[in-house]
Amino acid sequence: CSAVDDGYVRISIRDTGPGIPAGLLGKLFQPFNRLGAESSAIEGTGIGLVITRQLVELMGGRIGVDSRVGEGSTFWLELPLDDNSKQPELSSSCITDSREVGPERLYTVLYLEDNPANLRLVSRLLARRPHIHLLTAHEPQLGLDLAEASRPDLILLDINLPGMDGYEVLARLRAGDADRSIPILAVSANAMPKDVERGLKAGFDAYLTKPLDVDSFLREVDEHLVGNS
């Protein structure tokens with residue numbers, strides 16, 4: 001356990017196992033991907049780390065891993081210090097820090113998108129807004145579960161999702177009483193006028209087309225967050 005420079009506490013768990021090749025680390029947090037362990041006698045489904053990451057992010061934290069083949073792995077999670085509560089008594093190896101973290105009002109935005117490039121782009125755009133905490137889901141059911149658990153202030157929703165399109169996701173979100181007031185913006189490559197018209201009629205609060213116009217995108221996000229405060 002140790003303090004991190006930007007006001008987080010890091011908890012690390014180290015093992016002396018076989019380690020994970022660098023080329024596979026990027027797949028470690030993908031659901032049902034066991035990196036080949038499915039052919040071994042080790043039991044598991046491959047969703048534990050996915051759920052863990054979402055839980056850590058819901059608490060405003062982050063999670064990662066460092067690994068060397070033949071030496072082992074170190075999994076770590078970082079959680080923000082809370083200035084408004086009494087600091088816990090930690091061991092001498094865990095240094096507390098009372099630095100302020102984040103703005104007084106933190107908004108949660110949930111983005112459902114299965115394209116990694118689009119996820120990276122929106123993550124970089126919203127990184128310009130320090131008052132926004134972004135949650136992402138690459139498949140519909142995970143997004144629905146996150147929406148129920150986190151009650152985000154705004155939802156960005158792709159239309160062409162695997163297994164369940166954005167319109168069905170929208171309908172299921174709107175079916176819940178608590179979700180009816182949450183602004184939901186479509187973010188889609190279906191950019192014909194008839195697509196935009198269909199989206200607005202279906203109940204999206206706005207319909208944004210790809211490739212995104214950065215200024216328009218940020219303006220829509222800001223307006224719907226403020227309007228829903």
Side-chain angles (χ1 to χ4, degrees), residues 6-8 53-54 56-62 80 82-84 99-138 140 142-161 165-167 169-193 195-229:
D6 54 354
Y8 285 72
R53 182 179 65 179
Q54 299 294 352
V56 170
E57 290 179 349
L58 284 172
M59 293 186 286
R62 51 209 182 197
D82 185 355
D83 291 339
N84 299 319
R99 223 171 296 181
E100 182 180 356
V101 289
E104 184 176 345
R105 175 68 166 97
L106 182 65
Y107 294 95
T108 299
V109 173
L110 172 62
Y111 184 26
L112 281 71
E113 169 66 74
D114 65 323
N115 186 306
N118 292 332
L119 284 172
R120 286 194 297 271
L121 172 62
V122 170
S123 296
R124 290 171 181 169
L125 293 179
L126 294 186
R128 304 179 184 182
R129 300 290 191 264
H131 58 285
I132 290 177
H133 173 57
L134 178 65
L135 298 175
T136 63
H138 63 281
L142 181 60
L144 290 168
D145 292 342
L146 274 175
E148 182 178 358
S150 65
R151 301 299 182 197
D153 300 287
L154 176 68
I155 296 174
L156 304 173
L157 178 56
D158 183 30
I159 299 296
N160 298 317
L161 292 168
D165 70 18
Y167 289 103
V169 174
L170 174 67
R172 292 181 61 174
L173 287 169
R174 292 301 192 206
D177 292 338
D179 294 327
R180 290 179 183 173
S181 62
I182 298 175
I184 303 178
L185 312 186
V187 183
S188 177
N190 300 334
M192 298 296 290
D195 297 317
V196 177
E197 182 181 2
R198 179 191 175 192
L200 295 176
K201 285 184 176 179
F204 284 106
D205 293 275
Y207 193 103
L208 309 177
T209 59
K210 304 172 185 174
L212 289 174
D213 179 286
V214 173
D215 291 336
S216 296
F217 171 75
L218 292 175
R219 183 170 59 251
E220 290 284 355
V221 169
D222 291 341
E223 289 178 355
H224 283 90
L225 283 178
V226 173
N228 196 45
S229 299

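Since we're looking at a predicted model, the values are computed, not measured.
Nearest approach of Pro80 to Gly60, heavy atoms of both residues: CD-O, 3.5 Å. In terms of heavy atoms, Leu106 sits closest to Pro130 at CD1-O, 4.1 Å. Closest heavy-atom contact between Leu146 and Ala137: CD1-CB, 4.1 Å.
The only option from Leu154, Val226, Leu208 that meets the side-chain contact (heavy atoms from CB on, under 4.5 Å) definition with Val221 turns out to be Leu154.
Proximity of a side-chain donor or acceptor of His224 to a complementary backbone N or O of Ile155 within less than 3.5 Å is not detected. Looking at Asp158, its side chain never comes within 3.5 Å of a backbone N or O of Leu112 through a donor-acceptor pair. A donor-acceptor pair under 3.5 Å is formed between the side chain of Asp205 and the backbone N or O of Ile184.
Side chains of Arg129 and Leu218 form a contact here, defined as non-hydrogen atoms less than 4.5 Å apart. Residues Leu121 and Phe217 have side chains not in contact (no heavy-atom distance under 4.5 Å, counting atoms from C-beta outward). Contact check for Val187 versus Lys210: side-chain heavy atoms found under the 4.5 Å cut-off. Between Val109 and Asp153 the shortest side-chain heavy-atom distance does not fall below 4.5 Å. Contact annotation: the side chain of Ile182 never approaches that of Leu173 to less than 4.5 Å [non-hydrogen atoms, C-beta and beyond]. Between Ile132 and Leu225 the shortest side-chain heavy-atom distance falls below 4.5 Å. In this structure the side chain of Val214 reaches within 4.5 angstrom of the side chain of Arg128, judged on heavy atoms.
In terms of the side-chain hydrogen bond (donor to acceptor under 3.5 Å, both in side chains) criterion, Asp195 has no residue partners (sequence neighbours excluded). Evaluation of the side chain to side chain contact (heavy atoms under 4.5 Å, CB included) rule for Ala117 yields Asn115, Arg120 as partners, not counting sequence neighbours. Shown here are the salt bridge (Lys or Arg N to Asp or Glu O under 4.0 Å) partners of Asp165, two or more places apart in sequence or in another chain: there are none. Applying the side chain to side chain contact (heavy atoms under 4.5 Å, CB included) test to Asp145 and every residue at least two apart in sequence or in another chain returns Gln141. By the side chain to side chain contact (heavy atoms under 4.5 Å, CB included) test, Ser150 pairs with Leu58, Leu135, Pro152, sequence neighbours left out. Residues satisfying the side chain to side chain contact (heavy atoms under 4.5 Å, CB included) criterion with Ile159, sequence neighbours excluded, are Tyr167, Ala186, Ser188, Asn190, Phe204, Tyr207.
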Exercise for the section: Starting from the C-alpha separation in whole Å, work towards a yes-or-no answer on side-chain contact (heavy atoms from CB on, under 4.5 Å) for Glu113 and Val122. Expected result: CA-CA 10 Å; Glu113 169 66 74; Val122 170; over 6 Å; no
Exercise for the section: Show your working on side-chain contact (heavy atoms from CB on, under 4.5 Å) between Leu134 and Tyr111 and close with a plain yes or no. Expected result: CA-CA 7 Å; Leu134 178 65; Tyr111 184 26; 4.0 Å; yes
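Atom NE2 of His131 and atom CG of Leu126 lie 9.0 Å apart (nearest 0.5 Å). Atom CG of residue Asp213 and atom CD of residue Glu220 lie 10.5 Å apart, to the nearest 0.5 angstrom. Summarising the geometry, atom CG belonging to Leu110 is positioned 8.0 Å from atom CG belonging to Leu156; distances are rounded to the nearest 0.5 Å. Atom-to-atom distance recorded for Leu161:CG and His138:NE2 is 11.0 Å, nearest 0.5 angstrom.
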